[in-house]
Amino acid sequence: MSRIHRMLAAAALAAVPLAAAAPAPAAPVVNKVVIIGIDGTLWSEVAAADAPHLDRLAAEGALARTSIAPHTTMSCVSWATALTGVWDGKHGIQDNGSTCNAGPFAQYPTVFTQVERARPSLSTASIGTWDKIGMIARTGSPQADRVTVTQIDPTGAGICETTADANATAQVVSAISEGTDLLFTHLDQVDIVGHTLRGIWPQAYRDAIGRVDGLVGQITAAVDARAAAHSNERWTILVTTDHGHNPEGGHGGQSAYETASFVIARGPGFAAGTENNGYTLADITPTVLDLLDVSAPANLDGASMVTGGSGNPAAPVPNTPPVDSGITGSSSGSAQAAMVANPLCVLGSGSASGSSGS
């Protein structure tokens with residue numbers, strides 16, 4: 001090729017516009033999970049209460065209404081099961097007192113420890129109202145990245161359960177907006193109202209459910225906003241309770257009211273509007289591990305709800321009809337007096353503070 005021809009060829013190439021830049025590769029899909037634990041809550045009373053946000057989650061996902069019998073119906077026992085994937089017959093916790101300690105979590109590590117060991121780059125948090133939840137989340141090595149208990153204020157004094165729940169929710173909303181990968185929260189006021197008021201003023205129990213439902217709505221809105229802003233993130237919300245409550249208030253036994261539990265699972269892996277009573281408390285941890293791509297230990301009792309859970313899908317719904325306030329005939333005045341027996345609570349704001357009723 002002559003020099004002239006080479007110059008002409010070079011000029012022709014220079015005149016060709018540059019090819020459009022290749023599109024940037026899509027961000028990898030990331031699963032994130034929020035677990036909402038609502039202490040001492042009967043789904044039959046949720047259905048009778050003003051609880052549009054819980055109703056919405058159940059309608060947009062899968063709902064299980066099941067019994068945890070013969071499991072011990074106490075809070076530390078059940079939250080240990082939810083956060084490890086094994087029933088009380090394995091972890092050995094039987095109450096909220098002497099057996100509720102860090103020992104069992106050496107053999108059966110929490111979901112936080114399992115995730116942190118397998119995928120240390122993920123962020124994990126426990127933001128709850130009860131000090132025993134904080135104890136559970138702080139066990140193991142490594143433990144949850146963040147552990148917060150809102151029942152105790154900076155001075156060391158207790159605060160009203162409604163305030164503790166609201167403070168926990170505010171922190172959960174912030175953690176979601178930051179993109180935390182695994183977050184567990186525990187809201188307590190329904191259980192405390194169950195102990196103090198359900199027997200004399202059943203509507204107060206439903207009112208507590210309604211207040212917590214508003215907090216669930218805040219958490220759900222934060223998840224939905226984060227998901228809308230980050231299209232590669234797939235968020236799953238799991239909601240459960242640790243036990244029910246007798247009509248007269250209280251738990252610890254094996255009646256249908258005490259052993260009643262529920263699980264809601266809303267996320268990409270769950271068909272909207274379905275019911276599967278095979279989902280149990282023990283399935284919470286295996287489900288989280290499945291969603292976060294962490295291998296589950298072989299010694300778990302639960303199974304991932306993504307693949308069906310560990311229980312019987314056709315199990316009968318617990319027979320726990322709502323309690324009609326007309327049955328007791330008690331006046332709201334006596335109930336209000338009980339409500340403010342603890343001076344840390346404001347009249348009409350909710351339940352008495354403290355963890356003894358869990």
Side-chain angles (χ1 to χ4, degrees), residues 33 35 37 39-40 64 66-118 124 126 128 130-144 147 182 184 186 238-244 251-255 258-263 265 276-292 294-313 315 318 358:
V33 186
I35 310 164
D39 210 289
T66 186
S67 170
I68 59 173
H71 176 83
T72 305
T73 55
M74 297 296 287
S75 290
C76 188
V77 185
S78 291
W79 294 125
T81 290
L83 294 173
T84 61
V86 300
W87 294 107
D88 57 350
K90 281 187 178 178
H91 63 58
I93 296 174
Q94 295 296 321
D95 54 30
N96 294 333
S98 61
T99 65
C100 181
N101 58 63
F105 304 101
Q107 184 174 4
Y108 302 106
T110 69
V111 64
F112 307 111
T113 296
Q114 294 182 58
V115 170
E116 291 289 347
R117 285 176 179 173
T124 59
S126 171
W130 192 34
D131 57 350
K132 298 294 188 180
I133 298 292
M135 179 276 293
I136 293 171
R138 291 188 183 99
T139 64
S141 179
Q143 58 184 235
V147 179
L182 168 61
F184 173 82
H186 167 265
L238 305 176
V239 188
T240 193
T241 191
D242 51 344
H243 53 70
H251 54 86
Q254 290 291 304
S255 71
E258 293 164 285
T259 58
S261 183
F262 73 89
V263 178
N276 185 331
N277 292 339
Y279 299 163
T280 74
L281 266 177
D283 298 335
I284 297 294
T285 283
T287 302
V288 172
L289 298 179
D290 188 5
L291 290 169
L292 297 183
V294 175
S295 296
N299 62 359
L300 299 192
D301 294 323
S304 173
M305 292 184 283
V306 175
T307 55
S310 62
N312 175 11
S358 296

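When side chains are defined from C-beta on, Thr280 counts as touching Trp87, because their heavy atoms get closer than 4.5 Å. Contact check for Asp301 versus Ser310: no side-chain heavy atoms found under the 4.5 Å cut-off. Contact annotation: the side chain of Ile136 never approaches that of Trp130 to less than 4.5 Å [non-hydrogen atoms, C-beta and beyond]. The shortest side-chain heavy-atom distance between Lys132 and Trp79 does not fall under the 4.5 Å cut-off.
Side-chain contact, Thr73 with Thr259: no donor N or O sits under 3.5 Å from an acceptor N or O. Side-chain contact of Ser75 with Asn96: a donor-acceptor pair under 3.5 Å is absent, judged by distance alone. Using modelled atom types, one finds no donor on one side chain facing an acceptor on the other under 3.5 Å when comparing Thr99 with Gln94. Counted by atom type alone, Thr287 and Asp283 present zero donor-acceptor pairs between their side chains at under 3.5 Å.
In this structure, Thr285 contributes its side chain and Ala82 its backbone to a donor-acceptor pair below 3.5 Å. Judged by distance alone, with hydrogens and angles left aside, the side-chain atoms of Lys90 form a donor-acceptor pair with the main-chain N or O of Asn299 at under 3.5 Å. For Thr113 (side chain) and Pro142 (main-chain N/O), a donor-acceptor pair under 3.5 Å exists by modelled atom type.
Closest heavy-atom contact between Asp95 and Cys76: O-CB, 3.5 Å. Among all heavy-atom pairs drawn from Ala265 and Leu238, the shortest one is CB-CD2, 3.7 Å. In plain terms, the two heavy atoms of Val111 and Val288 that are nearest each other are CG2-CG1, 3.7 Å. Here the shortest heavy-atom pairing between Gly252 and Met74 reads CA-SD, 3.8 Å. In terms of heavy atoms, Gln143 sits closest to Arg138 at NE2-O, 2.8 Å. A pairwise comparison of heavy atoms in Thr139 and Ala102 identifies CG2-CB, 3.6 Å as the closest pair.
The SG atom of Cys100 lies 8.5 Å from the CG atom of Asp131; values are rounded to the nearest 0.5 Å. Rounding to the nearest 0.5 Å gives a distance of 5.0 Å between NE2 of His71 and CG of Asp88. Taken to the nearest 0.5 Å, the CG atom of Leu289 stands 7.0 Å off from the CG atom of Leu300. A distance of 7.0 Å separates CD of Gln254 from OG1 of Thr72, quoted to the nearest 0.5 Å. The structure places OG1 of Thr240 at 13.0 Å from OH of Tyr279, a figure rounded to the nearest 0.5 Å. Here the straight-line distance linking atom CD1 of Ile68 with atom CG of Asp242 works out to 7.5 Å at 0.5 Å rounding.
Checked against Met305 for a side chain to side chain contact (heavy atoms under 4.5 Å, CB included), the options Leu291, Asn276, Val263 give a single hit: Val263.
Qualifying ring-ring contact (aromatic ring centres under 6.0 Å, His included) partners for Tyr108, counting only residues two or more places apart in sequence or in other chains: none.
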